Amino acid sequence: MGRPGAGGRFGEFGGRFVPESLVPACQELERAFDDAWADPAFRATLDAVLRDYGGRPTPVTECRRLSERLGVRVVLKREDLAHTGSHKLNNVIGQALLTRRMGKQRLVAETGAGQHGVATATAAALFGLECTVYMGEVDMARQELNVFRMELLGAEVRAVHSGSRTLKDAVNEAMRDWVATVDGTHYCLGSVMGPHPFPYMVRQLQRVVGEEARAQCAVVLGGDPDVVVACVGGGSNAAGTFAGFADGPSRLVGVEAAGGSAVGNGIPGVLHGMRSLFLQDEAGQILEAESISAGLDYPGIGPEHAHLAALGRAEYDRVGDDEVVAAFRLLAQTEGIIPALESAHALAWLVREARASVPAGASVLVTLSGRGDKDVAQVRERLEGSR
Amino acid sequence: MTPHAPPAFEAVLRARRDAGRKLLIPYVMAGMTEDWVEVLEAVVVAGADAVEVGIPFSDPMMDGPVIQEASLQALQRGTTPAAVVDAVGEAQLGVPIAVMTYYNLVFRAGHRRMARSLAAAGIGAAIVPDLPLEELGPWATEADDAGVATILLVAPSTPEDRVARICARSRGFVYAVARMGVTGERVSLGPSTGDVVTRARAATDLPVCVGVGISTPAQAVEACRSADGVIVGSALVRRLLEHGGPDAARDLVADLRAALDRA
Ligand SMILES: Cc1ncc(COP(=O)(O)O)c(C=O)c1O
């Protein structure tokens, strides 16, 4: 997975569909990122912060009891063990360093589950930046604790009351903020989406996940895994993971929420600055996604994933809320690891496909994108409600 | 629908500008109320030189709370792009009409199909704010072919070389964005308004009209010290959200007209 083509295109997807007011800022960001990414000093600082502060490299854990249960060999890439409890930190540390390099002093971000918001608030605290996080009203209710965490970290959380009051609308609101404040503010987008260069930049900042995992698999498995699986909201943990394996033989699988499956049910369109696949009606009005997991509650997908799907280099499948909750419990009870509901989508897919499209004995790397502490109350309510 | 020749959007606006008139372009969100077509008629009677008709989109990224609310209301009333285009065609308003909408609705309909349906309805221009110069090609080609003017935006943040390229590609008029930010009423004009207009004017002889935040007759007059005209959106749409109907629209537009004509 290399550089996008002219204009930030991955095949027919990507691009930069933003109002004129934002074009210069996107161009500036593209130049700044290219310059920083080519600068050994920047890369050394980024690596050092991720190591000494972020807890990288995260381990790969072999799951003996789960493997026995499923009949396939499962290893987990443990992004749940990164500081703040998810892969989101990799991206925000990079963007926060870039923000300072561009001489800006404020971050705005959108958040769904709150993990990206928490990570952004964390990076803002670490580097002394101001931070405003937009979050849908619905998500604030289901991720109350993360709202408090962000505030504790010194960020301002602004509730979004428009539209579906979830991630899609939080992105709209963050963009509206950014248009008005772009001189001193960087939009710290949380996934591989948005106008160029965001999908490319965020994937590069997340590729550490896949690169570490490939080297770790060489030791643990003696080579590349047969299958690599990750959940997909916008697609950043999946893109980072796939980037480490795309030039090898592994089967790559991205797992979407059934109610937010842009590859499964979406069609080409343009939203949030990018051409990609979106859930929409005949007229082109964007439809609302629906998922138990706030982080996957998004009606689109990053453009590079749409491209990988079109090429057939990666495949995308979906799982329903019930399967997800079952997988959430299964990992807790077989391995003593409580996964994020988002990550439980990748596990749920494996539970379904083991000994089916994934042959018995195959080796499978699952990216465990985050830990599930934030979801415990929600799962409890659901389980008690269904009794 | 009675077919009729589309008014030559740009020619009409240029002629009025050249005759010394300041251009007044009210914005109305199509479908937001039952009587939205009457609102269009009312603003024409009150002295609009052209009308900008918003086609509601689910995710209006460039818009502030007032136009967001109007979009939502219009969508809840079942408004579709095709129905808007038909209704505007039937209304035969007698002034140049531009539609304003987001690119996904154009992309979904298909560039050619959208361009031709606008032309067939006598809609002379389109504003698609999330379609910047670099992404414009496929739409602009079809719009040009169909005789629909694509109006482009120049922002306070636009550097000089881009201003020139945008003005060269814009048709109808050049939309000078008064401030960095979304649509919505403001207590004062953006501090960079004069500067944006001056920079656009240096690059083109198209009319240069200012929009985003123009709320009062006094602000319209101030903007027209440098600009050829103004687009007034949220101030009008707010009155419609408050159930002012065609009367409130007529009053506001008449006040704006009188102030511009007096200045
Ligand atoms: C733990 C976790 N995993 C995955 C996601 C989905 O994002 P992405 O697809 O960009 O990795 C989120 C988003 O909130 C998350 O919190």
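Just so we're on the same page: letters track the sequence lines, and every chain starts at 1. Keep in mind that what you see is a predicted model, and the values were worked out from it rather than measured.
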Rounded to the nearest 0.5 Å, the OH atom of Y175(B) sits from the CD atom of E20(A) at a distance of 13.5 Å
By number, which residues in residues 26-36 of chain A have some heavy atom less than 4.5 Å away from chain B? Q27(A)
Can you tell me which portion of I267(A) sits under 4.5 Å from chain B's heavy atoms? Options are side chain, backbone, both or neither. side chain
Do H161(A) and Q68(B) make a side-chain contact, defined as non-hydrogen atoms from C-beta onward lying under 4.5 Å apart? no
Checking Q280(A) against chain B: side chain, backbone, both or neither under 4.5 Å from a heavy atom? side chain
Between CG on residue L271(A) and CE on residue M61(B), distance to nearest 0.5 Å: 8.5 Å
Quick check for you: to the nearest 0.5 Å, what is the distance between D59(B) atom CG and S162(A) atom OG? 8.5 Å
Residues of residues 292-303 of chain A near chain B, each having a heavy atom less than 4.5 Å away: none
Validation row: I286(A), F57(B) side chains within 4.5 angstrom (heavy atoms): yes
Is chain B contacted by the side chain of R16(A), its backbone, both, or neither, given a heavy-atom distance below 4.5 Å? both
Taking the side chain as everything from C-beta on, heavy atoms only, tell me whether P19(A) gets closer than 4.5 Å to M180(B). no
Contact between Q285(A) and N104(B) at the side-chain level, heavy atoms closer than 4.5 Å - yes or no? no
For chain B, which of P268(A), G163(A), G7(A) has the most heavy-atom pairs under 4.5 Å? P268(A)
